[in-house]
Amino acid sequence: MPENKKFNPDLRDLLSGPNGDQNISRYSLVTATAKLARKISDEALADGEIITEKPVTTALNELLDGKYVIEEPVEIRDL
């Protein structure tokens, strides 16, 4: 298994925000992961690529690697 693939990753790093300065809700994490997975799937389909890894796994790995930052709307940050 390649090193960038994580098995049962510790999501506390993602939930603590990019700099550990804010907390991200689990709802925002799930929503961001789903949207990114859909984007990965749609791009692969448009390019005619065959996906060997589930798009959700790829999306979570990209979030954990810091390729994307989850930004919560101001309205739900303090809930």
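Remember, it's a predicted structure, so these values are computed and weren't measured experimentally.
- Residues K35 and K39 fail the side-chain proximity criterion, which asks for heavy atoms closer than 4.5 Å.
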Show your reasoning for whether side-chain contact (heavy atoms from CB on, under 4.5 Å) applies to T58 and E62. CA-CA 6 Å; T58 304; E62 289 184 3; 3.7 Å; yes
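- Between atom CD1 of residue I50 and atom CG of residue L45 there is a gap of 11.5 Å, rounded to the nearest 0.5 Å.
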Contacts under 3.5 angstrom, residues 24-34 side chains, donor-acceptor by atom type, not counting sequence neighbours:
from : atom 1 : to  : atom 2 : distance (Å)
S25  : OG     : S28 : N      : 3.1
S25  : OG     : S28 : OG     : 3.1
S25  : OG     : E72 : OE2    : 2.7
S28  : OG     : E72 : OE2    : 2.7
T31  : OG1    : Y27 : O      : 2.9
T33  : OG1    : L29 : O      : 2.7

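- Using a 4.5 Å cut-off between side-chain heavy atoms of Ile, Leu, Val, Met, Phe, Trp and Tyr, with links allowed through other members, V56 and I40 fall into different hydrophobic clusters.
- The shortest non-hydrogen separation linking P55 to S41 is CG-CB, 4.1 Å.
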Taking it one step at a time, do N61 and E53 satisfy side-chain contact (heavy atoms from CB on, under 4.5 Å)? CA-CA 11 Å; N61 285 331; E53 183 175 65; 4.1 Å; yes
